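Worksheet for the structure shown next.
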There are 4 protein chains.
Amino acid sequence: MKDIQSQEDHRRINIKKVGVKTISYPVTVLDKAKSRQQTIATVNMYVNLPHHFKGTHMSRFVEILNQFHGAIDLRNFQTILEEMKERLQAEASHMEIEFPFFLDNGRTRESLHVHRYRCMMCGSLDEEPDLEFRINVPIYLPVSRQQVAALPRSTGRWGQASISVRFTVFMWIEDLILAIENRITREIERVAENDVTELSVEVVTRNIGECLSEMEEVRSYSVRVENLCDAYSTFAMMAS
Amino acid sequence: MKDIQSQEDHRRINIKKVGVKTISYPVTVLDKAKSRQQTIATVNMYVNLPHHFKGTHMSRFVEILNQFHGAIDLRNFQTILEEMKERLQAEASHMEIEFPFFLDNGRTRESLHVHRYRCMMCGSLDEEPDLEFRINVPIYLPVSRQQVAALPRSTGRWGQASISVRFTVFMWIEDLILAIENRITREIERVAENDVTELSVEVVTRNIGECLSEMEEVRSYSVRVENLCDAYSTFAMMAS
Amino acid sequence: MKDIQSQEDHRRINIKKVGVKTISYPVTVLDKAKSRQQTIATVNMYVNLPHHFKGTHMSRFVEILNQFHGAIDLRNFQTILEEMKERLQAEASHMEIEFPFFLDNGRTRESLHVHRYRCMMCGSLDEEPDLEFRINVPIYLPVSRQQVAALPRSTGRWGQASISVRFTVFMWIEDLILAIENRITREIERVAENDVTELSVEVVTRNIGECLSEMEEVRSYSVRVENLCDAYSTFAMMAS
Amino acid sequence: MKDIQSQEDHRRINIKKVGVKTISYPVTVLDKAKSRQQTIATVNMYVNLPHHFKGTHMSRFVEILNQFHGAIDLRNFQTILEEMKERLQAEASHMEIEFPFFLDNGRTRESLHVHRYRCMMCGSLDEEPDLEFRINVPIYLPVSRQQVAALPRSTGRWGQASISVRFTVFMWIEDLILAIENRITREIERVAENDVTELSVEVVTRNIGECLSEMEEVRSYSVRVENLCDAYSTFAMMAS
């Protein structure tokens, strides 16, 4: 027989999250080269809902968004989270903003000067604040002279790395991207010289893991590498 | 200065997951009415990778899939997980299969007889086995006579509930769907009679939570309800 | 028996289109209120390929994009098309840019101030130039006092209109959006007053068609209206 | 000044298409090997709407789907189109069904035995019947011994061909797939032997075009080839 007491517990249980999601909004992010980069974010905002509240005021999330109109950047992320806690009388507030970040690495005339990276900031204000940064780094194979001779097509998109990081200090998005891309490039070159080894998701994952664990700005991380161009997609994942 | 010791720890860290993903495969699921329902699954398979292994044999995942060709159903889910652990010499194996499940609830001539529900089975074989079942239940508003008089369009898709359940005993997918849908329908009728209240994501979440906590077959659950037809999407989430 | 002559014809047949697609690029569009709006475009560029050419130089598309870096707007659309024809020695050039356009219609404190519209410019330079503008306008149901009393949820997303227009003279995107939205709002109000009629995809399509045919700036158009919140999606389409 | 007469013309203009879309439905397709293959289709159904009708009966589309429940296959495609014309009193009826088709080409133990191809049947019953078949064929690069020695990863997904065909006589989907895949494989092998040439979207498009123009079963066709694994996606298109 089912215990009636526990049913009552269930009914009294708190709603963990309540909020709005996938709101499209123009935002500004800090950019090492140009100091401000305008991009377009998808925003999720939510709070916890104490059990003595019947529901939350969804429109207040939108009011807060309107209030910071045109200037949601990483500096006032925490201010917005505090505003959410106060206006919605919640114990915890959360905000996720996802946006494409463009990096101008135009060195050659023929390759695309502007590269796009999908980024996400996930912030929480519970007992203490928490901020996680996620980025997708596409992985391409380079063309070397011997490779062109041997193969129909040796360049091109190989896969992607999905990286999640908590920082100890501020770090430019550009610096994180370049550190990871340089590490992957060195590994691809090393593998290409050596006939036997293949570039695998395991090898790329371990390399990025090592790279992140050597950075002083990084407190903790997780890495997931996917090979998208294989006959069947393969992946590997690790975390600090 | 960074501690070299901890870097070595990082390098020795295990790769948590390695495997294949989004393989499209025809599968058979058990179906209360017809006993077997043929559908199409998207399959992810992965294992942990101990630190003394350089990489895993990705093709072995595919060999195992081929071996159970045409007969991956919920009964041999655990057999496949055991085969994965053994063939890939892993300590833990995981499989996720996502598939549309069709339910024939054809009572009226005019409404669609066959309804589609997105399902997912997530199984693990670590120290002990774990099996989680996830299902998406679309929520529609009904048409009553008064409503038609008052409003341009009062019926239609309102949102969806994403439910995740661990069972104590076997339960038919149909029985779970019908229990949840009946509860939602009763709540919508109750709200519709009462002028003041609005149907909110919080109310629907709490109703589904109560419904699941009253089922003997359900050991634990989480519920997430989204209103997709609002000016901005809203959602609420709770878990036992 | 198959005619060998016609096979040779097939082999000599021109490749109609060759190019690059889904390149993500930051662009600037003209904006009535602020004069310039920064957004993010997805760009497709292609040319015809005469049969005496074996292939085209794909990197030249990227060179042209780089050359107009940061300043692809509607004024230099034709200049880019001419550059493509010349640099790729083609008889016809085509460019499609798709981008979200944000309109600030913040009148109330509670509703979202910034609305997003998916836009697309499709330009061709064949014997004569052609420019088509496409826009998606989401359709929402309003809340009136009586409706709130009668129904659990009477507001919310109802569907969307996909409109394609060729202009006779320049027209602001804002003016096109407002004209269509005002027409839809008037029709929804008219239908809401009248108990019998329902708001249907046919009615909305005909209203938008009438609205566009009355605009002097519009040379030709097509309209497709979808109801996304129905039990099964319905749509209607018309063209001038 | 705008001519009032022409506005009235616009108001009398016919709605070209009205119907239901993206209905998910289990269907059966004919299969050379097993004679029947169960799969899951996404169905669109629509008719023209004469100007003296205010709207159409959307539920009748669903009634027709229910009537052929469980047995929508390519043989009764035309029967369904006739039923639509009659029941909806329309001059033209259209149906599109999109479905994954699985082909078992299990020759090796290590590669996936079951391959998935996205197919679409587009049928119309206007003055005369028309039936178009579309299929997406993924293109993979093979591994040869020399390639493995020279390159980190030489195998894997290269791109896809989207083929649209009108037939003169019945043809098995399997036979069409195998003819195209064999042609692509021969071309890739030819290119791989020759150091200079690269495999390009133009070359693959022309090869598939030649292959289709040599088939007696094919009355007309169009081909679009995309390279999805390049630094920026490239494509080429041709039609008979």
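For clarity, every value in this text was computed on a predicted model and none was experimentally measured.
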D:E86 atom CD, neighbour heavy-atom count above 12 within 6.0 Å: no

Contact class of D:V201 relative to chain C, heavy atoms under 4.5 angstrom: side chain

Leading residue by heavy atom contact count with chain C [cutoff under 4.5 Å; candidates D:A236, D:G19, D:S222]: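 Looking at each of D:A236, D:G19, D:S222 in turn, D:G19 comes out on top.
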
Are C:K21 and D:T234 packed together at the side-chain level, in the sense that at least one heavy-atom pair is separated by less than 4.5 angstrom?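 Contact flag for C:K21/D:T234 side chains = no.
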
4.5 Å side-chain heavy-atom contact, D:M237 and C:I15: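 Side-chain contact under 4.5 Å: no.
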
How long is the straight-line distance from NZ of D:K17 back to CZ of C:R224, given to the nearest 0.5 Å? 7.0 Å

Minimum heavy-atom separation for C:F235 to D:M58, with atom names?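 Distance-wise, the nearest heavy atoms are O-CE, 4.0 Å.
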
